[in-house]
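Report on the following structure.
Order of the sequence lines fixes the chain letters, A, B, ..., with proteins taken first and strands second; residue numbering starts at 1 for each chain.
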Protein chains: 2
Amino acid sequence: MTTGFDTYIRSRISLDDAAIEQIVSAAKAISLQRNETLLQQGQICRHKVFIVKGLLRIYGIGADGSEHILHFAPENNWAVDPQSYHQQSPSQFTIATVERSEVLLWAKPDFDRLLQEIPELNMLSGQLVASSHFNNRQRLFTTLSSTPEEKYEDFVRSYPDLLARLPLHMIAAYLGISLKTLTRLRHAQVRR
Amino acid sequence: MTTGFDTYIRSRISLDDAAIEQIVSAAKAISLQRNETLLQQGQICRHKVFIVKGLLRIYGIGADGSEHILHFAPENNWAVDPQSYHQQSPSQFTIATVERSEVLLWAKPDFDRLLQEIPELNMLSGQLVASSHFNNRQRLFTTLSSTPEEKYEDFVRSYPDLLARLPLHMIAAYLGISLKTLTRLRHAQVRR
DNA sequence: GGAAAATGTGGTCATTTGACCATAATTCAA
DNA sequence: TTGAATTATGGTCAAATGACCACATTTTCC
């Protein structure tokens, strides 16, 4: 069965069919409902998660109980809390679905074994760490320096595809502004 | 001569004296005035910089021309724009001193050669990438979720030593609030 | 298909924040 | 040491934002 994972992995590292089969068969495939939690804040991130289909979000809870989203992870991406995963320490963040999703899970011991047996797999981790998606520097700068309107425009430019799949309140939780402010500035833009 | 760099490097990787001497002699030692620019936004980050003494800041310029600080780098830390350095592409950020500082510089080709000749050096890069100082996730979350007052308290808790060395307007530029707001909340805290 | 939940928009109001300006205090550098 | 630059604080005001609420619409899921 082709899961999309095959395509993903072949496009980044060259492996023979046997190796890929080995990797895939070490994973557990899971179907998730909308708004289902995969990793609860305070728990240890014990799996690597690859999103075959659907959309996940990684968020933290503020002091006032509100949700602040750090990442969206759509299909053909990974969702982990790297710190919690690598140190097997409690995570400060929660990972949950936005839509119904299909994911592949590798328990850490299993994935570690794969890394030993298929050294090329290490390339992936390196790429991931270096990738902008896991480097929040640019995002931090935008958050520090931009007005709500600029943040929104930036988001639309960066993730036009996500725009249609996300309720507005999640976009607001991602941008760090209130739903009210987001509605307001969208309305203002229409007029121009 | 002991520069503090010796101590730093010995505490993370074990190298013999010859190797350390080789590393140090590949560096150029520089003294910098207060508020002197090492890397200008738009330029390519051609060096690795180690701060022996003093304090640097890494910042970006917002659309309105204001300064937004991503990091402070005090003695015994590195200051680079990783992206610009590794890809030798123009940096979006500026690196400048806060105080008079003494730094060690390695031109990228020289450092690359060192990495080949002294493989243990690679460990350092790995540690750096993994270190919280270069992982902006926690910082991003605080910026998204906290009030100005909470951000300031968080800063005081995290970097009590820097507090005395930084003008308030730079702390404001780091927290993403105005100098006015910072003064106000400090004054309010005194009253309690 | 239909009930229940989630979502988007609007109104109002209080509060927070920033912009601008002046001034005193402090620090810097020659 | 002294003049110049930087820094900290305060006043005032306008604008932006969030909190709270209601309501219409859409979507979800059994």
- Task: Measure from the side-chain heavy atoms of Arg34(B) and tell me the nearest of dT7(D), dT17(D), dT9(D).
- Result: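 Closest nucleotide to the Arg34(B) side chain: dT7(D).
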- Task: Would you mind telling me which of dG18(D), dT9(C), dT9(D) lies closest to the side-chain atoms of Thr181(A)?
- Result: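 The listed nucleotide nearest to Thr181(A)'s side chain is dG18(D).
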- Message: Here's a test of your reading of the structure: between Ser178(B) and Leu168(A), which maps to the more 5' nucleotide of DNA chain C?
- Response: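 Nearest nucleotide further toward 5': that of Leu168(A).
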Atom-pair distance ([atom1] on [X]; [atom2] on [N]), nearest Å:
| X | N | atom1 | atom2 | answer |
| --- | --- | --- | --- | --- |
| Leu182(B) | dT17(C) | CG | P | 12 Å |
| Gln33(A) | dT27(D) | CD | C1' | 15 Å |
| Arg165(A) | dT7(C) | CZ | C1' | 18 Å |
| Leu179(A) | dC20(D) | CG | C1' | 13 Å |
| Met170(A) | dT7(C) | CE | C1' | 11 Å |
| Leu166(A) | dT26(D) | CG | P | 20 Å |
| Lys151(A) | dT17(D) | NZ | P | 9 Å |
| Ile171(B) | dT7(D) | CD1 | P | 12 Å |

Short N-O contact, [X] and [Y], less than 4.0 angstrom:
| X | Y | answer |
| --- | --- | --- |
| Lys151(B) | Asp154(B) | no |
| Lys48(A) | Asp112(A) | no |
| Arg46(A) | Asp110(A) | no |

- Message: Using OP1 and OP2 only, check whether a side-chain N or O of Arg100(A) sits under 4.0 Å from dC29(D).
- Response: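 For Arg100(A), the contact criterion (side-chain N or O under 4.0 Å from OP1 or OP2 of dC29(D)) is met.
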- Query: For His169(B) and dA8(D), is the shortest distance between a side-chain N/O and OP1 or OP2 below 4.0 Å?
  - Reply: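 Answer no for this pair, as no side-chain N or O of His169(B) is under 4.0 Å from OP1 or OP2.
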- Quiz item: Arg184(A) side-chain donor-acceptor pair to dG18(D) base, under 3.5 Å: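 Pair found.
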- Message: Given the structure, check if the side chain of Lys180(B) and the base of dT12(D) hold any donor-acceptor pair shorter than 3.5 Å.
- Response: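 Counting by modelled atom types and ignoring angles, a donor-acceptor contact under 3.5 Å is found here.
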- For the pair His68(A) and Phe141(B), name the ring-plane relationship: parallel under 30°, tilted 30 to 60°, perpendicular over 60°.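 It falls in the perpendicular class, over 60°.
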- Do Gln92(B) and Gln83(B) have side-chain N/O donor and acceptor atoms under 3.5 Å apart?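 The answer is no; no qualifying pair exists.
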- Quick one: label Ile177(B) by what it contacts on the DNA or RNA (base, sugar-phosphate, nothing), any heavy atom closer than 4.0 Å.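 Sugar-phosphate, no base atom in range.
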